[in-house]
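Quick note on labels: first sequence line is chain A, next is B, and so on, each numbered from 1. Treat the numbers as computed from the prediction; the structure is a model and nothing was measured.
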Amino acid sequence: MLDRGLLRNEPDKVREASLNKGEPCPIDRWLLLDEERRNLLGSTESLRRRRNELSQEVSSLKKSGAPADSQIAESKKVGDSIGQIDKELSAIDREMAKVELRFTNIPDPDVPVGKDESANKIIRTSGVKPSFDFEPKPHWEILGNLFDQNASGDIAGANFILLRGWAARLQRKLINWMMNFHSEAGMEEIWTPFLANRESMTTSGQIPKLEYDMYHIEKDDLFLIPTGEVPLTNIYRNTTLNEGDLPVKLFGYTPCFRREAGSYGKDTRGLNRVHQFEKVEMVRFEHPDNSDKALEEMVIHVEKMLSLLELPCRISILATGDLSFAAAKCYDFEVWSAGQEKWLEVSSISNFRDFQSRRGMIRYKPAGGGKPLFVHTLNGSGLALPRIIAALIENNQTEDGKVRLPSVLSAKTGT
RNA sequence: GGAGAGGUGGCCGAGUAUGGCUUAAGGCGUACGCCUGCUAAGCGUAUGAGAUUCACGUCUCCGAGGGUUCAAAUCCCUCCCUCUCCGCCA
């Protein structure tokens with residue numbers, strides 16, 4: 001959600017942001033509603049004031065036994081007018097709230113402008129792509145039966161993962177390693193619900209835009225979380241923190257559920273694109289002055305993880321057209337996958353500034369006193385499992401179909 | 001799923017039977033001041049949020065939403081959440 005002052009005073013900035021991100025921009029409608037609303041508010045407030053005065057008069061007249069008929073009659077008339085105006089006002093309020101959820105966040109000034117991912121800028125590439133004296137295989141061939149698509153298909157359907165034996169254990173080991181890594185960096189470990197309600201989804205920004213990309217349990221109006229960002233961010237919904245509490249750094253493991261409707265076809269082989277995947281997610285609540293620095297810190301942190309996993313990686317800053325609805329700035333991490341010979345996205349790290357906190361009323365009380373202010377929220381994957389597994393397996397394969405894992409995983413050779 | 005008890009400002013908590021004298025008492029906490037060898041105590045003052053306005057101010061908010069009334073924290077309806085017990089179940 002954007003600040004009403006911004007919408008009111010700098011509509012061109014909002015238009016430009018929407019244009020660059022390729023999002024609709026109902027600013028003209030909003031401006032109209034806003035003006036109408038303020039007019040009606042003025043009328044209803046002075047009427048209410050009058051009614052309050054009359055109530056006082058009625059009260060004291062009755063106590064002294066005097067008649068209050070004329071006051072009561074006027075108050076009734078005033079009340080009717082209030083009722084009428086309030087009806088209009090609440091219709092406007094409802095529409096404004098709906099319209100406001102449709103404004104995308106404003107990209108940071110240093111975000112490259114461009115209509116899609118082709119305008120993303122690679123910041124740096126690290127690690128060395130492995131070379132082979134044989135033809136490297138894609139992970140689904142190396143894994144063979146350990147990646148049992150017949151079983152997952154029977155259990156749930158296409159594009160679900162079922163791992164067996166060594167592969168299943170590798171996933172568990174990786175989750176463990178990632179969580180220990182964050183823990184040692186001083187973040188608080190969180191275990192969350194994997195379903196979330198409509199308010200939570202609205203706060204983190206999945207609703208309204210992505211509502212139909214999520215699994216929805218109609219009976220209870222609950223959604224399967226598409227990312228751990230949702231429960232972690234909503235921990236402090238409708239909460240006022242103290243300035244001294246900031247920054248709050250959290251992480252948690254969650255499965256992530258995505259319908260991926262309409263995405264069948266390219267890039268869906270193997271572990272690349274699935275309906276349920278595992279992820280360890282980091283979320284930070286930051287003082288507004290510190291969120292830029294925090295974003296860079298998170299980038300370094302994730303880069304460290306990938307280098308320990310010995311995975312060649314490429315970091316890009318996303319162009320406006322590729323930036324998600326709620327984000328102001330985002331870095332993507334891709335790892336090299338030798339068998340498929342392509343880069344796979346394994347982490348995005350974003351600064352949302354006050355976009356989410358405004359939706360969810362996540363604030364902090366300034367130490368020097370004064371009104372509560374909105375925190376900045378950031379989040380980043382650390383990391384998404386299936387593609388990490390794919391890259392690990394492909395990059396470390398041997399000619400006889402085995403896998404030699406990097407030392408941090410201290411694993412025996414597989415398959 | 002059934003029965004019961006609750007939800008009031010940062011926290012605790014009064015007010016709900018009998019609607020108006022509560023534009024929510026009191027306490028704790030917090031901040032500042034006084035006092036004081038120091039600290040504590042004591043005394044004093046201040047201290048919720050949102051909307052709107054250039055401002056003074058005004059309006060709104062007692063879980064959420066509706067209703068009754070001249071007037072609702074208080075009466076009525078619907079829903080949500082928490083706690084206790086029962087049932088079912090990993």
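For E45(A), the side-chain atoms get nearest to rC59(B) when compared with the rest of rG20(B), rC59(B), rA49(B). Distances from the side chain of R4(A) to the nucleotides rU60(B), rG20(B), rA51(B) place rA51(B) closest. With rU53(B), rA49(B), rA51(B) as the candidates, the nucleotide lying closest to the side chain of R38(A) is rU53(B). When distances are taken from the side chain of L41(A) to each of rU52(B), rG50(B), rG20(B), the shortest belongs to rU52(B).
Checking E310(A) against N396(A) by side-chain atom types alone, no donor-acceptor pair falls below 3.5 Å.
Map T44(A) and L54(A) each onto its nearest nucleotide of RNA chain B; the residue landing nearer the 5' end is L54(A). Along RNA chain B, the nucleotide nearest to K76(A) and the one nearest to R37(A) differ in position, and the one closer to the 5' end is contacted by R37(A).
Contact between C330(A) and L323(A) at its shortest, heavy atoms only, is CB-CD1, 3.4 Å. The two residues P366(A) and K371(A) have their closest heavy-atom pair at CD-O, 3.2 Å. Here the shortest heavy-atom pairing between L392(A) and L309(A) reads CD2-O, 3.7 Å.
For K371(A), a side-chain nitrogen or oxygen approaches OP1 or OP2 of rG50(B) to under 4.0 Å.
When heavy atoms are screened at a 4.0 angstrom cut-off, R358(A) is found touching no nucleic acid atom at all.
To the nearest angstrom, P of rU60(B) lies 11 Å from CZ of R49(A). Remark: P of rC81(B) and CG of D220(A) are 10 Å apart, rounded to the nearest angstrom. The distance from atom CG of N52(A) to atom C1' of rC21(B) is 16 Å, rounded to the nearest whole Å.
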